[in-house]
Amino acid sequence: MFKNYIQKKLEGYVRKYLAAHPEIKLVAVGGSVGKTSTKTMIATVLAQKYRVRMRDDNHNTHMSAPLAILGIEYPENIRSIFSWFGVFRAARKRIKASTDVDVIVQELGTDRIGEIAHFGTYLRPNIGVVTAVTAEHMEFFQTIENVAAEEIALANFSELALINRDDIEGRFAELLTDGAINTYGTTSAAEYRFEIGDFTVDDGYKGAIIAPEFATAVNAQVKVLGEHSLRPVTAAVAVAIKLGLSPDEIVQGLATIHAVPGRMNVLRGVEHSTLIDDTYNSSPAAAAAALQTLYSIQAPQRIALLGDMNELGTISDVEHQKLGQLCDPNLLAWVITVGPQSEKFLAPAARARGCQVKSFANAIDAGAFAHSVIEEDAVLLAKGSQGGIFLEEALKLLLHETTEDRQLVRQSDAWRLEKDKHFARFK
């Protein structure tokens, strides 16, 4: 009852805030995967011209998203009504004050059916970006059709929708009820796209921006890793064009983009190795894309460090087996797994293909093993979910310098405490 009261109050303040400041543009980002990278890249490019508000963390629920939109900190003591009264005062002040932003870029998350649609009861984004429809929280959604209906709901209550043409099946177009829709991606099917010209691990991608508004292709460079990492880039380009940025401003913005910690971030490792840190979270589509990126990099040794993909419900065994079947013995020296699902389903599938596999119950032991087998100039990919997996702790043992652990995800005091408790179980 208390939580419902707080939520309704916050939603009401957001309505009043946006009504009082119609000059503010709201860009909402939803989808099964890639929300944070897409949000961050959009904000980075838009900052070339506008004052942008964006939370670095995942304040994307109906309790936290309103505060992120208003630019108010989430209270430390959420059980105290007095803390919330302070939030309410700050919200009323925001409504009355002159605005300090031009654009708000807000991530919208969902765990259950109907949560995205509820955002539409108090938000009307100027632009809604749907990044993907892939397996997520399947213990609640059950089917991919339910996931599609949930995520595409954002497009239907936004003034303009931008849809990832590459990661949303065409059959889900029937769920779209809004006519103001454009597509983005890396394939020729997308209206807004990035055509790859050249790539190096150090410099990223050189290529051309293709857009209906541009008479000719616009050359640009962006330092990201993996073709799937270019999809958030093209989303940023599309949003920037819709909000009036010039080609020069967009190119300058793309040049400032860098990988978000834990999301295809390239780090220096021991033995002059290259570490691909994709440890923030994992899903079947993202893990498969990361693995294909690893295969595309020339190296004397490739290692895949793969952790459990959480929140897959009844399809977990099948999806872990599928990922194991993607492990190619001709391209991988080692497949190292972490977690019970990976050990039970992924590892046997990889062995059946002929891969050399080693399984561990926790990331620290897996990291120690990887340290013992990694060779000079190797490339290692680390990909796994957060809850109970925490592969960033394996990477700590493989970094060229221990001080670079600040580039890893989940290094706050609160996260360290939680992980200390988790790893204590294995001592």
Between [X] (side chain) and [Y] (backbone), is there a donor-acceptor pair under 3.5 Å?
X      : Y      : value
Asn126 : Val27  : no
His118 : Gly114 : no
Glu195 : Gly207 : no
Ser32  : Ala135 : no
Lys383 : Asn281 : yes
Gln411 : Val409 : yes
Ser316 : Leu312 : no
Thr279 : Gly262 : no
His422 : Gly388 : yes
Glu151 : Gly31  : yes

Show me the side-chain donor-acceptor pairs of residues 288-295 shorter than 3.5 Å, one per line, residues at least two apart or across chains.
| unit_1 | atom_1 | unit_2 | atom_2 | d |
| --- | --- | --- | --- | --- |
| Thr293 | OG1 | Ala289 | O | 3.0 |
| Tyr295 | OH | Leu326 | O | 2.6 |
| Tyr295 | OH | Asp328 | N | 2.9 |

Going by atom types alone, do [X] and [Y] pair a side-chain donor with an acceptor below 3.5 Å?
X      : Y      : value
Asn77  : Ser83  : no
Thr36  : Glu107 : yes
Thr186 : Asp166 : yes

State, to 0.1 Å, how close [X] and [Y] come at their nearest heavy-atom pair, and which atoms those are.
X      : Y      : value
Leu397 : Ala368 : CD1-N, 3.5 Å
Glu73  : Val87  : O-CG2, 4.4 Å
Glu227 : Tyr205 : N-OH, 3.2 Å
Val129 : Ala235 : CG1-CB, 4.2 Å
Ser385 : Ser282 : OG-O, 3.3 Å
Ser342 : Leu306 : OG-O, 4.0 Å

Heavy-atom side-chain contact between [X] and [Y] under 4.5 Å:
X      : Y      : result
Phe85  : Ser80  : no
Met54  : Thr40  : yes
Thr256 : Gln48  : yes
Tyr17  : Val14  : no
Leu323 : Phe345 : no

If the threshold is 4.0 Å, N to carboxylate O, is there a salt bridge linking [X] and [Y]?
X      : Y      : answer
Lys322 : Glu319 : yes
Arg410 : Glu418 : no
Lys49  : Asp102 : no
Glu145 : Arg171 : yes
Asp100 : Arg94  : yes

Return a table of donor-acceptor pairs under 3.5 angstrom between the side chains of residues 62-69 and protein atoms on other chains or two or more places apart.
| unit_1 | atom_1 | unit_2 | atom_2 | d |
| --- | --- | --- | --- | --- |
| His62 | ND1 | Tyr122 | OH | 3.2 |
| His62 | NE2 | Glu115 | O | 2.8 |
| Ser64 | OG | Asn60 | N | 3.2 |
| Ser64 | OG | Thr61 | N | 3.1 |
| Ser64 | OG | Thr61 | OG1 | 2.9 |

To the nearest 0.5 Å, how far apart are OH in Tyr184 and CG in Asp167? 7.5 Å
Distance (rounded to the nearest 0.5 Å) between Arg55 CZ and Gln106 CD: 9.0 Å
Using the salt bridge (Lys or Arg N to Asp or Glu O under 4.0 Å) criterion, which residues pair with Glu174? Sequence neighbours excluded. none
Take Phe141 and Thr110 through the side chain to side chain contact (heavy atoms under 4.5 Å, CB included) test and state the conclusion after the steps. CA-CA 10 Å; Phe141 289 119; Thr110 178; 3.7 Å; yes
In a table with atom names and distances, give each donor-acceptor pair under 3.5 Å that connects a side chain of residues 352-364 to protein atoms at least two apart or in another chain.
| unit_1 | atom_1 | unit_2 | atom_2 | d |
| --- | --- | --- | --- | --- |
| Arg353 | NH1 | Gln325 | O | 2.9 |
| Arg353 | NH1 | Cys327 | O | 3.4 |
| Gln356 | NE2 | Ala333 | O | 3.0 |
| Ser359 | OG | Thr337 | OG1 | 2.8 |
| Asn362 | OD1 | Ile364 | N | 3.1 |
| Asn362 | OD1 | Asp365 | N | 2.9 |
| Asn362 | ND2 | Asp365 | OD2 | 2.9 |

Sequence neighbours left out, cut at 3.5 Å: what donor-acceptor pairs do the side chains of residues 196-203 make with other protein atoms?
| unit_1 | atom_1 | unit_2 | atom_2 | d |
| --- | --- | --- | --- | --- |
| Thr200 | OG1 | Asp203 | N | 3.0 |

Under the criterion side chain to side chain contact (heavy atoms under 4.5 Å, CB included), I'd like the reasoning laid out for Met309 against Ser283: C-alpha separation, chi angles, the key distance, then a yes or no. CA-CA 6 Å; Met309 300 179 288; Ser283 66; 5.6 Å; no
If you draw a 6.0 Å radius around CD in Gln298, do more than 12 non-hydrogen atoms from other residues or ligands fall strictly inside? no
Kindly check if the number of other-residue, nucleotide or ligand heavy atoms within 6.0 Å of NZ (Lys344) is above 12? no
Please name the residue in the list Leu275, Val266, Ile297 that meets the side chain to side chain contact (heavy atoms under 4.5 Å, CB included) test with Val379. Ile297
Start with the C-alpha distance between Asn164 and Thr38, add both sets of side-chain angles, then the distance that settles side chain to side chain contact (heavy atoms under 4.5 Å, CB included), and finish with yes or no. CA-CA 11 Å; Asn164 181 352; Thr38 302; over 6 Å; no
Would you verify whether the NZ or CZ of Arg112 falls within 45 degrees of the ring axis of Phe140 while also being under 6.0 Å from that six-membered ring's centre? yes
Return each pair, listed once, that meets ring-ring contact (aromatic ring centres under 6.0 Å, His included) where at least one residue sits in residues 32-52; pairs must be two or more places apart or across chains. none
Aromatic centroids of Trp84 and Tyr5 separated by under 6.0 Å: no
Please report the C-alpha distance between Asn265 and Val260 in whole Å, then the side-chain angles of each, then the deciding distance to 0.1 Å, and finally whether the side chain to side chain contact (heavy atoms under 4.5 Å, CB included) criterion is met. CA-CA 7 Å; Asn265 193 22; Val260 178; over 6 Å; no
